[in-house]
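Single-structure report; data block below.
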Amino acid sequence: MPLVSMKEMLIKAKNEGYAVGQFNLNNLEFTQAILQAAQAENSPVILGVSEGAARYMSGFKTVVKMVEGLMEDLKITVPVAIHLDHGSSFDKCKEAIDAGFTSVMIDASHHPFEENIEITSKVVDYAHSKGVSVEAELGTVGGQEDDVVAEGVIYADPKECEELVKRTGIDCLAPALGSVHGPYKGEPHLGFAEMEEIGKITGLPLVLHGGTGIPTKDIQRSVSLGTAKINVNTENQIASAKAVRETLAALTEEYDPRKYLGPAREAIKTTVIGKIREFGSSGKA
């Protein structure tokens, strides 16, 4: 099955009351695990790729070819989108699209509002001409993800969200409403009232960044208020690192990377399956 854009899978998710997980790629094993988990659960899936992770894996074209090869070899039949996470500029989004990405996020949230609209509109025009979906962000999600660092959380303004959607034609919106990238220090406090208002006035599927560590009850409430895409990376990274440490601690003379990265891959797969079930997308492919 060829790679698809996020647009249709997120509209379906919003209408049917579940969310599709975006799980970030960091290497071959992460990609194998995420695809295998989605196939096992018969779930659509979004493969998130940050600019930093793409550089680590040699570039956007390498990532796309790796994903396409794995989908063929693993006989993946569920819908799969490959999505640029936190694209920093029009040029980076264009580069990803030209390499074969089927979805991009333009994160111009740190720019003044009018500049955000200008940059986002330019990305939408190019992406939509290629059948590629676009996500945008308003407000500030706290924490750090690769090159993206944000001190504190700034909630998205519902009126600005409405205007951004009307003036740009984006396919989904990531309003910052209290979530953070990386592990939480204490309980997360999500802005559900704002989430409900933004969901109603925009009519678009909403995106929740920083999905690691958010309690299931908050996930379920977010989904009920129109959140149709939830991003997870840290949880998979922690599970992977734990498996590697445990394997090498038990097998102190081991040097074959397959012997310690294999268990890491299984740990990621288990984590992704748990998230897919929590988000309600099992059986929705």
Side-chain angles (χ1 to χ4, degrees), residues 4-24 34 37-38 40-48 78-81 83 85 103 105 133-139 141-143 145 153 155-156 158 161-162 164-165 170-181 183-184 187-236 270-285:
V4 299
S5 96
M6 294 193 311
K7 184 173 181 178
E8 296 305 324
M9 67 168 74
L10 294 188
I11 291 172
K12 181 175 184 287
K14 184 175 185 288
N15 290 342
E16 295 182 17
Y18 62 91
V20 181
Q22 173 192 299
F23 304 100
N24 281 46
I34 295 161
E41 290 296 304
N42 194 32
S43 169
V45 72
I46 298 158
L47 306 179
V78 299
V80 178
H83 176 75
D85 195 20
S103 186
M105 175 191 184
S133 54
V134 180
E135 172 186 340
E137 181 173 315
L138 271 174
V141 176
E145 182 169 34
V153 175
Y155 274 31
C161 289
E162 182 180 23
L164 180 82
V165 169
I170 56 173
D171 300 294
C172 59
L173 176 66
L177 295 172
S179 60
V180 301
H181 294 127
Y184 285 90
E187 275 282 301
H189 296 285
L190 301 182
F192 292 116
E194 294 86 351
M195 191 183 293
E196 183 172 19
E197 183 180 358
I198 292 166
K200 283 179 178 174
I201 63 177
T202 65
L204 283 186
L206 300 183
V207 181
L208 181 61
H209 283 246
T212 295
I214 295 178
T216 300
K217 62 179 174 56
D218 288 352
I219 293 288
Q220 291 170 341
R221 190 170 177 195
S222 299
V223 171
S224 75
L225 297 176
T227 295
K229 173 176 178 271
I230 301 174
N231 295 6
V232 175
N233 186 29
T234 304
E235 202 157 335
N236 287 330
T270 299
T271 304
V272 173
I273 286 173
K275 287 294 173 186
I276 285 172
R277 292 175 182 176
E278 185 181 2
F279 299 163
S281 66
S282 292
K284 300 294 186 179

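The model shown is predicted, which means the values in this text are computed figures rather than measured ones.
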When rounded to the nearest 0.5 angstrom, what distance separates [atom1] in [X] from [atom2] in [Y]?
X	Y	atom1	atom2	value
Leu138	Ile170	CG	CD1	7.5 Å
Lys275	Ser282	NZ	OG	13.0 Å
Ser281	Asn42	OG	CG	9.5 Å
Cys161	Leu177	SG	CG	7.5 Å
Asp85	Asn231	CG	CG	5.5 Å
Thr227	Leu206	OG1	CG	5.0 Å

Please set out all donor-acceptor pairs under 3.5 angstrom arising from side-chain atoms of residues 191-204, sequence neighbours excluded.
residue: Glu196; atom: OE2; partner: Lys200; partner atom: NZ; Å: 3.4
residue: Thr202; atom: OG1; partner: Ile198; partner atom: O; Å: 2.7
residue: Thr202; atom: OG1; partner: Leu204; partner atom: N; Å: 3.3

Q.
Does either side chain, that of Thr271 or that of Glu235, offer a donor lying less than 3.5 Å from an acceptor on the other one?
A.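 The answer is no; no qualifying pair exists.
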By side chain to side chain contact (heavy atoms under 4.5 Å, CB included) - contacts of [X] (at least two apart):
X	value
Ala81	Met6, Met9, Ile46, Thr102
Lys14	Pro205, Ala228
Thr270	none

Return the minimal non-hydrogen interatomic distance between [X] and [Y], and the atom names on each side.
X	Y	value
Pro44	Ala285	CD-N, 3.7 Å
Leu164	Ala136	CD2-CB, 4.1 Å
Pro79	Val4	CB-CG2, 4.1 Å

Taking the side chain as everything from C-beta on, heavy atoms only, tell me whether [X] gets closer than 4.5 Å to [Y].
X	Y	value
Leu208	Ile230	yes
Val20	Leu10	yes
Val223	Phe279	no
Val78	Val80	yes
Glu137	Val207	no
Asn236	Val272	yes

Taking only residues two or more places apart in sequence or in another chain, which ones pass side chain to side chain donor-acceptor pair (under 3.5 Å) with [X]?
X	answer
Ser103	His83, Ser133
Ser5	none
Asp171	His128

Q | Pairs involving residues 221-234, ordered by first then second residue, that meet salt bridge (Lys or Arg N to Asp or Glu O under 4.0 Å) (sequence neighbours left out) | A |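 For residues 221-234: Glu135-Lys229.
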(Q) Could you work out, with salt bridge (Lys or Arg N to Asp or Glu O under 4.0 Å) as the rule, every residue matching Glu16, not counting sequence neighbours? (A)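 Applying salt bridge (Lys or Arg N to Asp or Glu O under 4.0 Å) to Glu16 gives Lys12, Lys284.
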Q. Who are the salt bridge (Lys or Arg N to Asp or Glu O under 4.0 Å) partners of Arg277, not counting sequence neighbours?
A.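 Partners of Arg277 under the salt bridge (Lys or Arg N to Asp or Glu O under 4.0 Å) test: Glu41.
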